[in-house]
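Heads up, the thing below is written out as structure tokens.
We count ligands from 1, going down the list as the structure has it; atoms in each ligand are counted the same way. All values reported here derive from a predicted model rather than from experimental measurement.
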Amino acid sequence: MCGIIGYVGPKSTLDVLLGGLRRLEYRGYDSAGVSVISAGGNLETRKKAGKLDNLVSEITSHPLPESHIGIGHTRWATHGAPTDGNAHPHLGGPTSKLSLIHNGIIENFGALKAELLAAGTKFASETDSEVAAHLIAAEFEKTGDLPKAFANVVNRLHGAFTILVIHESQPDVVLAARRNAPLVIGLGDGENFLGSDVAAFVEHTDRAISVGQDEIVILRAGSVEVRTFDGAPVTPTEFKVDWDASAASKGGWSSFMAKEIADQPQAVADTLMGRLESDGSVVLQEIDGLSAEDIKNIDRIIMVACGTASYACDVAKYAIEKFSRIPVQVELSHEFRYRDPIVTERTLIVAVSQSGETMDTLMATRYAKEQGAKVLAICNTQGATLARESDAVIYTHAGPEVAVASTKALVAQITAGYLLALFLGAGRGATAQAELRRLGQELLKMPANVTHVLERLEPIRELAKKMADAKSVLFLGRNVGFPVAMEGALKLKELAYIHAEGFAAGELKHGPIALIEEGQPVFVIVPSPDDVDSLHPKVISNIQEIRARGAKVIAIAEEGDAEVGNYAEHVTYVPKCENIFSSILTVIPLQCFALELSTAKGLDVDQPRNLAKSVTVE
Ligand code: F6R
């Protein structure tokens, strides 16, 4: 939540800051602001409530001077309403020569504010962040040493924060500190960058450093110094960013979400690339942090994640248990951490996160590590905290996901889950090698299958446009179709603000069927008629039950399913594939439906209300 960027170097700072904020806006869009220090040595700030475009208009009416150092912020409000006054940057000291931006929550801000108020400090906002600005300014007055003053104050702050500071008296340096919130350095030639993630500066450099917990950065155009909060020097490790800037732009699409839905064949292909041999065997070199012995010793897997990523875990559970016979439990990260769960050294935690910065998931994995468990991350963002803190990482190569609602990251997470299932199946000897290779070969067909689905979405788009007035939509599925139903409902809630629920189709008659009345739209994810576990006839019966009570059935079914068309008002067919892998295909029409319905209602699909993409507070 909240996106931050800092820059020092020869380029036009405003261009760098606004370009970075545009790519970080998915992190929060309640307000935005920038501070720069002009060539003449004056600190100037512009900030505005609302989306980044409001800030751009403000700067057009009140232009900023040419500058080569600055900081920028896009906010997801926590303390204080999303107003101009509460927008970042916040100025510190009686002469307002210091500017600060903050991502996170300063938990002890109440006590610190009381201290400042007692000393006569005047506050311009209701934020926790402004407290830090005044404290650093006051400490600098006392010590005359900006890095020292900065370190003294960040050591007093509790909670989660990434803080960036510039000061008019030192126009060549940006200071940054990180505790429990993300911060990445971008290394340029005679210029350097700071960002919440690499999207902030991907247009300018592919060389990056991920800043560790409780570390301070002293950033100049020609140097980068990293220290601990205690002042000890840190030798950081550089990594190469494999996202390119064009992947973080709309590229002619009407929205990032539309583009990201279209990116899905590539996301699946790139996640499989180098991990599946042509004969279907799985190679997961990334897991070398976990020895063969570790894998043999696993007695239980607990998958932790939130929201859409948790549905990827639900799908993976079916596959991992089926192929490896290791029991899998899926837990929402925030529930897991605080219920005294049973975790031992033989538990493998699989933490799934697009951003790798979701605080609930980070806290869950830290807790599990303290209990002695090994943590395997499935993560989309290089240099993310989750990746740093895990014993091994399988990166999903979906590329930058900018739309707040997750689409391509989900299919990449599901793909990684299938790879893990096949890998564990082989490692545990629970499924015959020949069968696993056959399944691997089936998985290799999925990118083409996804393309096939994408090419046939027009009818569901038309249907969505006609349903813009729907008040409630239900989603039913069984087996891997169940998490798909949950995801279909979540997408519709968050994008179109329509009441939606996903259910296991078998659960319907245990209560939810009471919701069905004349005209109630119900999506049903229909399994393959060739499904060996014979779920198809059961789902057809579920359809009959709801139709008998007036439901309008919209089915997602496999091509060649001769029966379903007799009972549904609308059917979207997806290609035949191994039933366990079908979730990658059946979820796509539901993403598209939510996008079209939201668009038909005139809503902002990329930035739905009240949400932020990267939830970095608990
Ligand atoms: C919904 C959505 C969220 C995220 C969740 C976890 O479309 O995107 O539910 O899936 O906040 O985020 P990550 O994967 O970054 O941990």
Side-chain angles (χ1 to χ4, degrees), residues 1-3 24 26-28 76 181-182 196-199 255-257 260-261 264 267 271 303-316 330-337 349-365 375 377-387 389-390 393-396 398-417 483-484 486-497 500 502 587-588 590-595 598 603-618:
M1 306 183 138
C2 299
L24 290 175
Y26 68 83
R27 298 181 71 91
W76 188 84
S196 300
D197 65 44
V198 295
S255 63
F256 277 108
M257 185 176 171
E260 288 160 9
I261 288 175
Q264 292 184 112
T271 302
M303 302 191 76
V304 291
C306 302
T308 289
S310 77
Y311 302 138
C313 299
D314 289 329
V315 171
V330 178
E331 298 260 0
L332 293 170
S333 314
H334 34 90
E335 285 297 311
F336 169 76
R337 166 69 185 84
I349 300 290
V350 180
V352 181
S353 174
Q354 186 286 128
S355 61
E357 301 293 351
T358 298
M359 185 53 77
D360 291 315
T361 302
L362 290 175
M363 294 308 281
T365 54
V375 176
I378 295 180
C379 180
N380 195 46
T381 310
Q382 285 176 287
T385 308
L386 179 66
E389 294 185 3
S390 299
V393 188
I394 302 175
Y395 278 108
T396 46
E401 191 178 63
V402 178
V404 165
S406 188
T407 52
K408 64 175 179 174
L410 169 74
V411 299
Q413 287 161 352
I414 294 176
T415 304
V484 169
M486 302 291 286
E487 170 64 0
L490 176 59
K491 282 287 152 299
L492 204 55
K493 283 185 245 197
E494 67 180 329
L495 292 172
Y497 317 151
V587 77
I588 295 171
L590 306 188
Q591 297 169 338
C592 173
F593 178 78
L595 178 140
S598 167
L603 301 172
D604 184 339
V605 289
D606 284 338
Q607 297 177 342
R609 71 183 176 202
N610 304 338
L611 291 170
K613 188 160 186 67
S614 195
V615 185
T616 55
V617 291
E618 274 191 277

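Judged by distance alone, with hydrogens and angles left aside, the side-chain atoms of R337 form no donor-acceptor pair with the main-chain N or O of A364 at under 3.5 Å. With hydrogens and angles ignored, the 3.5 Å screen pairs a side-chain donor or acceptor of Y497 with a backbone N or O of R609. Judged purely by atom type and a 3.5 angstrom limit, W76 has no side-chain atom pairing as donor or acceptor with the backbone of Y26.
Heavy-atom contacts of A309 reach the following atoms of ligand 1: 10 (O), 14 (O) (cutoff under 4.0 Å). Against a heavy-atom cut-off of under 4.0 Å, S355 is close to the following atoms of ligand 1: 13 (P), 15 (O), 16 (O). Atoms of ligand 1 found under 4.0 Å from any heavy atom of K491, numbered from 1 in the order shown, are 1 (C), 7 (O). Atoms of ligand 1 found under 4.0 Å from any heavy atom of A405 (numbered from 1 in listed order, with element): 7 (O). Every atom of ligand 1 is numbered from 1 in the order shown, and the set under 4.0 Å from a heavy atom of V404 is 8 (O).
T381 and D197 form no side-chain donor-acceptor contact under 3.5 Å, judged by distance and modelled atom types alone. Remark: the Q591 side chain and the T407 side chain contain no N/O donor-acceptor pair separated by less than 3.5 Å. Side-chain contact, K408 with T396: no donor N or O sits under 3.5 Å from an acceptor N or O. In this structure, a donor-acceptor pair under 3.5 Å is absent between the side chains of E389 and T365.
The residue among C306, C379, G307 with a heavy atom at the shortest distance from atom 6 (C) of ligand 1 is C306. Nearest to atom 1 (C) of ligand 1 by heavy atom, out of E494, Q591, Q354, is E494.
The shortest N/O to N/O separation between S406 and ligand 1 falls below 3.5 Å.
Using a 4.0 Å cut-off between heavy atoms, E357 makes no contact with ligand 1 at all. The proximity of L410 to ligand 1, defined as any non-hydrogen pair under 4.0 Å, does not occur for either the backbone or the side chain.
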Task: Test side chain to side chain donor-acceptor pair (under 3.5 Å) applied to Q354 and S406, step by step - done: CA-CA 8 Å; Q354 186 286 128; S406 188; over 6 Å; no

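Of all protein heavy atoms, the one closest to atom 12 (O) of ligand 1 is T358 OG1, 3.5 Å. Protein heavy atom at the shortest distance from atom 3 (C) of ligand 1 is T308 N, 4.0 Å.
Of the inter-residue distances, the one linking M363 atom CE with S333 atom OG reads 11.5 Å to the nearest 0.5 angstrom.
Using a 4.0 Å cutoff on heavy atoms, T381 does not count as a contact of ligand 1.
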